[in-house]
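When a ligand or atom number is given, it counts from 1 through the structure's own listing order. Only heavy atoms go into these numbers, but all of them, side chains included; no hydrogens, no water, no symmetry mates.
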Amino acid sequence: MRILFVGDIFGKPGREIARRAIPALIERESLDFVIANVENAAAGFGITGDIADAILSYGVDVMTTGNHVWDKKEVLDYIPRQPKLLRPANFPAGAPGRGSYLGRTRSGEPIGVVNVMGRIFMQPLEDPFAVVLKEIDALRAKARVIVVDFHAEATSEKVAMGWHLDGRVTGVFGTHTHVQTADDRILPKGTAYLTDAGMTGPHDSIIGVTTEIALTRFLTGMPAKFESATGPGRLNGVIVTADLATGRATSLQRLSLSTADVDTLAPQTAGR
Ligand code: FE2
């Protein structure tokens, strides 16, 4: 089974390259399932129902989120009726939506997806290390292949989650920092790990925000309203191959594709 995990889709540039690249990758890479973090898909802040529906139409099967999940208030009506849009499982009881998903791949195999959020330099949610085990246990009887999106700031917390889940899931992929790390590896008990999958969005920016605005805030310390950068997008993510019998990862490949790369990847989808 081959799974594409797409790093945080940010604003229109991110949506545009995702729209062009994902169908091409599904075909070229014989992908069975696609997961994407979408918490910054609506102009950098949150997600709406219309944008979520559009991202599903690109070939994404399940969408994960993080600290920005509630930025657009309309998501409060959408998320309870859309099981393919997850919010971190370690939000307190009473938060709308769900933190895990059980579905089937294009070839009919069961797959589970879990979304949890870190607590270092972030909102103090419930213990992600305990909550993720509960979510995995609930999925385990039905799916051998399980992928975890750990939306977190601190590298140490993310690496710890990788080791915590080694041998328990197929992959642990970090999101949130918008900068792809180069520590992709398969841990000893068969779990694919990457500290951060990176950003699918405008890379001529400061992690998605217009450079001048974010830089001015650093230079002056004065408040400034962040705006999503424009300009061409780049797709960051990872492709993991899973052994269906064991759920272990057998290969892991990082992706960082420019718009020009996507043109050559699938000329038939360019400009569509
Ligand atoms: Fe985030």
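- Using modelled atom types and a 3.5 Å distance limit, the side chains of Asp149 and Thr175 yield a donor-acceptor pair.
- For Glu39, the nearest N, O or S atom to the Fe ion (ligand 1) falls under 2.8 Å.
- Considering all non-hydrogen atoms of both residues, Ala52 and Ile47 come closest at N-CD1, 3.8 Å.
- Every residue two or more places apart in sequence or in another chain was checked for a side-chain hydrogen bond (donor to acceptor under 3.5 Å, both in side chains) with Glu227, and none qualifies.
- Note on His176: its N/O/S atom closest to the Fe ion (ligand 1) is ND1.
- Inclusion of His151 in the first shell of the Fe ion (ligand 1) is supported: an N, O or S atom falls under 2.8 Å.
- For Asp32, the side-chain hydrogen bond (donor to acceptor under 3.5 Å, both in side chains) criterion is met by no residue, not counting sequence neighbours.
- Contact annotation: Asn67 places an N, O or S atom under 2.8 Å from the Fe ion (ligand 1).
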